[in-house]
Structures are given as structure tokens and as C-alpha cells.
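Here the structure is a predicted model, which is why all the values come from computation and not from measurement. Letters go in sequence order (proteins before strands), and every chain restarts at 1. Below, each value reflects all heavy atoms present in this structure, side chains not excepted, and no hydrogens, waters or symmetry copies.
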Amino acid sequence: MNNNNEVRTRFAPSPTGYLHIGGVRTALFNYVYAKHFGGKFFLRIEDTDLDRSRKEFEFDILDSLKWLSITPDEDAVYQSNRLEIYKSYADRLLKEGKAYLCFCSKELIEEDRNRFASEGKKPMYSGRCRNLRPEEKDCSMPHVIRFKAERGEGLRTGFKDLARNRFINFNNNEIDDFVIVRGDGIPTYNFAVVIDDALMEITHIIRGDDHVSNTPKQIMLYNAMGFNVPEFAHVSMILGSDGKRLSKRHGAASVSQYKKDGFLPEALNNYLIRLGWSHGNDEIFYMNDMIKYFDLKNISKSAAVFNTEKLLWLNSRHIRSKDPFVLIDLANDIRDISQKPLVNDIRTVALVESLKSRIKTLVELRQKLDFFINESIEYKSEILNEFTFDENSLIFLKAFKGFLNGLNSKIFECDVDLSKKNEALEMLKNSVESIKGEFNDFLSKNSWTMKEKATIIRLALTGEKISPPLYEVIFAVGKERCIRRIDKFCDYIDIKR
RNA sequence: GGCCCCAUAGUCUAGCGGUUAGGACGUUGCCCUCUCACGGCAGUAGCAUGGGUUCGAAUCCCGUUGGGGCUGCCA
């Protein structure tokens with residue numbers, strides 16, 4: 001814990017791929033943990049792998065976190081800007097005899113490894129350069145810097161894992177004299193991560209399970225450099241439906257893809273917080289709930305399989321809780337440039353409001369509005385062939401047209417101040433009620449029922465078997481457009497007969 | 001191979017020595033209904049395995065099996 005007794009966490013991705021599900025969960029856990037204690041959350045870009053790091057990925061990570069409202073308290077720290085810091089610590093370790101230069105070539109080390117493996121031993125560095133005499137060191141020759149791991153019979157290095165609530169330790173003999181500075185002078189992950197976490201005064205490190213065996217190495221480094229050792233919590237991996245680990249190297253979907261597919265950030269966060277963490281039987285969490293209740297003690301220890309069905313369910317729940325005006329904007333945010341934007345007017349609102357409980361993604365919302373977005377519709381034979389129409393169909397449609405014509409145009413009045421949402425919604429409700437009332441009168445006067453006439457109206461007005469409720473459809477499509485569609489529909493079935 | 005971690009329905013999980021093993025997704029049936037949904041009701045399916053400890057074990061201990069991670073001059 002630092003001086004202020006403040007909890008400080010971080011998310012430290014490497015920009016070698018798009019931000020994916022597993023990374024987001026780690027980021028989210030760190031974020032809500034810090035916020036739970038009123039602490040700070042930081043972002044550090046670990047771009048020391050010069051070959052694989054790319055700006056494109058870096059931007060994707062930043063954008064995705066922003067979209068998810070997982071916002072760092074300070075600007076991101078870039079390891080590539082801190083090389084001189086790492087160098088000074090490497091020099092110090094060298095001077096203090098806690099690290100040493102190693103001149104072994106990669107080929108030589110490879111040979112060692114193969115030999116150890118064939119002898120059934122752990123393929124570790126042989127320690128050949130561990131105790132070179134000064135005259136044997138020629139710094140002009142290619143070399144790396146290795147950490148001199150503490151050796152000794154029965155010596156162990158361990159830590160208490162907060163996610164498991166128990167100690168995990170390793171025999172020091174299992175720990176290699178690992179490389180801390182590469183041949184090109186760039187620090188390796190284990191070295192840079194320790195220096196940065198210490199200098200950034202990170203108090204709690206919540207990260208993936210895959211780092212468990214790095215932890216003793218890092219603890220040795222903390223001790224060697226005289227830093228305080230932070231707390232650790234290792235979160236289990238997320239598995240694909242095949243039971244294999246989900247990672248960016250194994251085709252995990254990116255956050256940006258989920259956004260494109262019409263998922264809400266609230267839903268993604270909600271799904272991920274529940275994947276590996278629980279708070280009793282609760283399922284629905286908003287960010288403030290997560291911050292309020294999140295606790296390392298309730299993290300599950302076993303790996304979790306990613307399940308899209310449940311994510312879809314959560315997405316539908318979060319969509320339902322948003323007002324239609326917002327949904328229209330969200331759908332437009334992710335629309336393909338080839339698509340017309342949805343107009344944020346009362347007609348669209350009428351449909352979106354009734355579609356809210358019928359969709360699982362924003363993409364679906366848009367698809368279900370196709371009949372409305374397009375000025376005219378095409379009647380598809382593969383749909384209409386399922387139905388039979390006769391003389392009575394035409395008689396009914398003609399009457400229905402007459403009914404629409406007779407409707408007071410005021411019902412379709414759309415001039416409303418959308419900034420006054422409740423008023424707009426009220427007006428909408430009245431219009432739909434009016435249509436419903438008038439329509440029911442029309443039906444009963446003719447001894448018809450909604451049940452028997454709904455399908456033909458739906459087909460005529462939308463061209464589909466499935467649509468939003470008809471009163472809303474009539475209101476949204478509007479009087480004139482409805483009439484035009486009925487005419488067109490009549491022509492279509494007339495020819496077919 | 002070595003080291004480390006993990007194990008409740010198809011999936012996510014609650015449970016922390018005494019429960020008819022709870023909830024959620026999915027799935028099935030029914031109700032509601034202008035279609036599709038939503039909603040409501042009901043059903044479906046689970047403690048990997050073998051030993052201990054205990055009056056009593058999903059819960060504690062050990063072995064087995066299974067899964068995962070690490071074993072890089074990746075992170």
C-alpha cells in the first residue's frame with residue numbers, strides 16, 4: 001500500500017492485437033476494484049515488443065476502453081518512453097551483482113535446452129555466464145542481461161493470491177536466471193512490469209491466470225530492487241465453446257467487433273463481470289453496482305466458457321432499459337456507411353419503442369425497421385406464396401383503404417418537440433390509441449376480427465409475416481404511404497390470382 | 001516431461017460440515033396474444049472419481065482422472 005493508503009490498479013495490455021474479451025474482463029476487474037475503494041485505475045501500454053506492437057492496436061484498445069467506460073484516471077503510460085528508466089535499474093542490478101551479462105548465443109542456449117529435455121530435466125539456462133571473471137566479459141560482444149535468481153536448498157518464493165485466498169509458492173530451483181534486458185537493450189516483460197508497477201505505486205495486480213508462474217520471478221525482482229511487493233490476484237482464463245483458451249492469438253472476438261454487431265457496452269460489461277465473479281444470485285449489474293459490490297473474494301477459481309447466448313440475453317435486457325431516442329442514436333452510431341441513418345422522429349420512436357422487447361442487438365433493430373426505412377417495399381413471392389388470397393381479400397383491403405382515408409390526419413401529426421421526451425411519448429401513445437379505437441370500430445361494424453385480418457394487413461403494409469404491432473406500424477408508416485402500399489399489394493395479389 | 005492452478009446441470013454460478021443442492025442463460029410445455037417478442041406459470045438437467053476425517057460431507061484431507069497455464073531475448 002502506498003503512502004495515502006490508496007488502492008491503485010492498472011491494466012497493462014500490449015498493443016499486439018485488438019482489445020478482446022479476456023483483456024476487457026481484466027481491465028474491468030481492475031477498474032471496479034480500484035473504484036470500489038475510491039482508488040485509482042491506470043492504463044499502461046506495454047509496447048516493448050517492437051516487432052509485434054502496432055499503433056492500430058493501440059488506438060483500438062484506447063477506443064474500446066473508452067466505449068466501455070473503463071476510463072483511466074491519468075493518461076496512458078507507454079513503456080517505449082521509459083527505456084532509460086529500465087536501463088538505470090539494470091545497471092544498478094549489475095553493479096550490485098544481482099544480475100549478470102550473458103554472452104551465450106541463441107543457438108547455444110537452444111542446444112542446452114534440447115540436451116536438458118532429452119535428459120528429462122527442466123530446460124533452463126545453464127548458468128554458464130553466471131560467474132564469469134571480469135576478463136571474460138567483453139561488452140562489445142552481443143549480450144543480454146540475466147537476473148541472478150537466488151539459489152539455495154529448499155529456498156522458495158511465493159505470494160498470497162487474493163483470488164484464491166491462499167499461498168502459492170515455487171521452489172527457487174524452478175526459476176531460471178531469466179533475461180531482463182534483451183540483446184537490443186530493450187527490457188523484457190518481467191523486468192519492465194515490475195519497475196513500472198513499483199514506480200506507479202500499483203497496490204493490487206489483478207491479471208490473468210497465465211501470469212501465475214511469472215509472479216515469483218517478479219517478486220524476486222521487487223526484492224532485488226528494494227521495492228514493496230504489491231498484492232496479487234490471478235483471474236482464471238476465459239475459454240471458447242470448444243473448451244480451449246480464448247485469447248487474441250486464438251481468435252477471440254474483439255470489443256470493436258461486438259460493438260459493430262450491435263452489443264451495448266453495458267451488456268458486455270455486465271456479462272464479463274459475471275463471468276468469473278458473482279454477487280449472490282444477481283445477474284443484472286450496471287457500472288455503479290459493480291463498483292459497489294465487487295470483491296476479490298467472490299472471484300471464481302475455475303475457468304469459464306464464453307457463452308454468446310447469455311450475452312445476447314443481457315444485451316436484450318439492457319436494450320429494453322434504454323429509451324427509444326437513445327436507441328436510435330446508438331443504432332446510427334454503428335450503422336454501415338452504405339445505410340441510411342434512422343431519423344430521430346416520433347414515427348421511428350413509435351416503432352423502436354415497440355421493438356425494444358423484440359430484439360437482442362442493435363443490428364437486429366435496424367433489420368426490423370427495414371420496411372419503414374425504405375420508402376416502398378417489395379413483396380416477395382417466397383413469403384406471399386404461403387398464403388392464399390381471394391375475392392374477399394380484395395374486398396377487405398378496399399374497405400381498409402377507405403378506413404385509412406377516413407382517419408383524421410391529426411392522428412398522424414408528427415410535429416412534436418423531441419427534447420420533451422415524455423410529452424412526445426404521450427402524444428405518440430394517444431395517436432396509437434386513436435388508431436386502435438377507430439380500427440376496432442371499423443372491424444366490429446363489419447363483423448370482422450383482428451385475429452382474422454391482422455395477417456393480410458401486416459403483409460400489405462410491411463411485406464413481412466412478422467412485424468411490430470400493427471397500430472404502431474400504421475402510425476409510423478403514415479396514412480398516405482399505407483394507402484400506396486395497399487394499392488401495390490392489391491395489384492400484386494390480383495395478378496397472382 | 002517438470003512446475004503451478006482448477007473441478008456443482010449443455011453454459012455462467014450460489015453454497016463455505018446438517019439445504020427437498022438455490023438462481024440465471026439455454027431448452028420443453030402451457031397461459032397471454034394481431035404476427036413475433038415481452039411477461040407469467042410449470043418442467044428439464046448437476047456436486048468427475050476412489051479413499052479417508054466426522055454422528056453427518058458438494059463443503060475438510062489424500063490419491064486418481066480430466067481440463068487449463070507456464071516452461072521465450074512474447075506479454
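- In this entry the distance linking CZ of A/F306 with C1' of B/rG10 reads 16 Å, nearest Å.
- For B/rG51 and B/rU13, the P atoms lie 30 Å apart once the distance is rounded to whole Å.
- Atom CE in A/M237 sits roughly 17 Å away from atom C1' in B/rC12 (whole-Å rounding).
- Between A/R207 atom CZ and B/rC70 atom P the separation is 13 Å, expressed in whole Å.
- B/rU44 sits 16 Å from B/rG23 when the C1' atoms are compared, rounded to a whole Å.
- Across the protein-nucleic acid pair, A/R25 atom CZ and B/rC12 atom C1' stand 11 Å apart, rounded to whole Å.
- Applying the side-chain contact (heavy atoms from CB on, under 4.5 Å) criterion to A/A198, with sequence neighbours excluded, gives A/Y222, A/F227.
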Every protein N/O within reach of nucleotides 16-22 of chain B N/O, cut-off under 3.5 Å:
| residue | atom | partner | partner atom | Å |
| --- | --- | --- | --- | --- |
| B/rG22 | N2 | A/N281 | OD1 | 2.6 |

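- Under the 3.5 Å distance criterion, with hydrogens and angles disregarded, a donor-acceptor pair is assigned to the side chains of A/S140 and A/D138.
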task = Tell me, with the steps shown, if A/R44 and A/D197 meet salt bridge (Lys or Arg N to Asp or Glu O under 4.0 Å).
result = CA-CA 9 Å; A/R44 185 172 67 234; A/D197 284 334; 2.8 Å; yes
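- Nucleotides B/rU8 and B/rC47 have their P atoms positioned 11 Å apart, rounded to a whole Å.
- Applying salt bridge (charged side-chain N to carboxylate O under 4.0 Å, His left out) to A/D177 and the options A/K217, A/R128, A/R130, A/K148 leaves one that passes, A/R130.
- Ion pairing between a basic and an acidic side chain is recognised when a charged N comes within 4.0 Å of a carboxylate O; A/R164 and A/D209 show such pairing.
- Put simply, CZ on A/R113 is 19 Å from P on B/rG2, counting in whole angstrom units.
- A side-chain N or O of A/Y189 and one of A/H211 form a donor-acceptor pair less than 3.5 Å apart.
- The residue from A/W448, A/F389, A/F403 that alone fulfils the ring-ring contact (aromatic ring centres under 6.0 Å, His included) condition with A/F396 is A/W448.
- Residue A/K87 holds its NZ atom at 12.0 Å from CD1 of A/I195, rounded to the nearest 0.5 Å.
- Across the strands present, B/rA45 finds no partner; the criterion is a Watson-Crick or G-U wobble pair with both atom distances under 3.5 angstrom.
- The side chain of A/S236 places no N or O atom within less than 4.0 Å of a non-bridging phosphate oxygen (OP1 or OP2) of B/rG68.
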Would you list the protein and nucleotides 4-6 of chain B atom pairs, both N or O, that sit under 3.5 Å from each other?
| residue | atom | partner | partner atom | Å |
| --- | --- | --- | --- | --- |
| B/rC5 | OP1 | A/R166 | NH1 | 3.4 |
| B/rC5 | OP1 | A/R166 | NH2 | 2.8 |
| B/rC5 | O3' | A/R164 | NE | 2.9 |
| B/rC5 | O2' | A/R164 | NE | 3.3 |
| B/rC5 | O2' | A/R164 | NH2 | 2.9 |
| B/rC6 | OP2 | A/R166 | NH2 | 2.9 |

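- Minimum atom distance to the side chain of A/L275 is reached by B/rC12, of the listed B/rG72, B/rC70, B/rC12.
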For nucleotides 41-43 of chain B, which of its nitrogen or oxygen atoms have a protein nitrogen or oxygen under 3.5 Å away, and what is each distance?
none

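- The interatomic distance linking A/Q218 (CD) with B/rC70 (P) rounds to 14 Å, in whole Å.
- Residues A/T16 and A/S14 have side chains that bring a donor and an acceptor to within less than 3.5 angstrom of each other.
- Side chain of A/R151 to main chain of A/N172: a donor-acceptor pair is present (N/O by atom type, distance under 3.5 Å, no hydrogens or angles).
- Between the side chains of A/Y471 and A/E433, not a single donor N or O lies within less than 3.5 Å of an accepting N or O.
- Under the ring pair (Phe, Tyr, Trp, His ring centres under 6.0 Å) criterion, A/F11 pairs with no residue at all, not counting sequence neighbours.
- The separation between A/D196 atom CG and B/rA75 atom C1' is 13 Å, rounded to whole Å.
- Of the candidates B/rG69, B/rC73, B/rG2, the closest approach to any side-chain atom of A/V144 belongs to B/rC73.
- Among the nucleotides B/rG2, B/rG68, B/rA75, the one closest to the side chain of A/E174 is B/rG2.
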ask   = Could you write nucleotides 25-38 of chain B as a row of B, S and -, 5' to 3', where a protein heavy atom under 4.0 Å of any base atom gives B, of only sugar-phosphate atoms gives S, and otherwise -?
value = SS-------BBBBS
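- Here the P atom of nucleotide B/rA24 and the NE2 atom of A/H279 are 17 Å apart, to the nearest Å.
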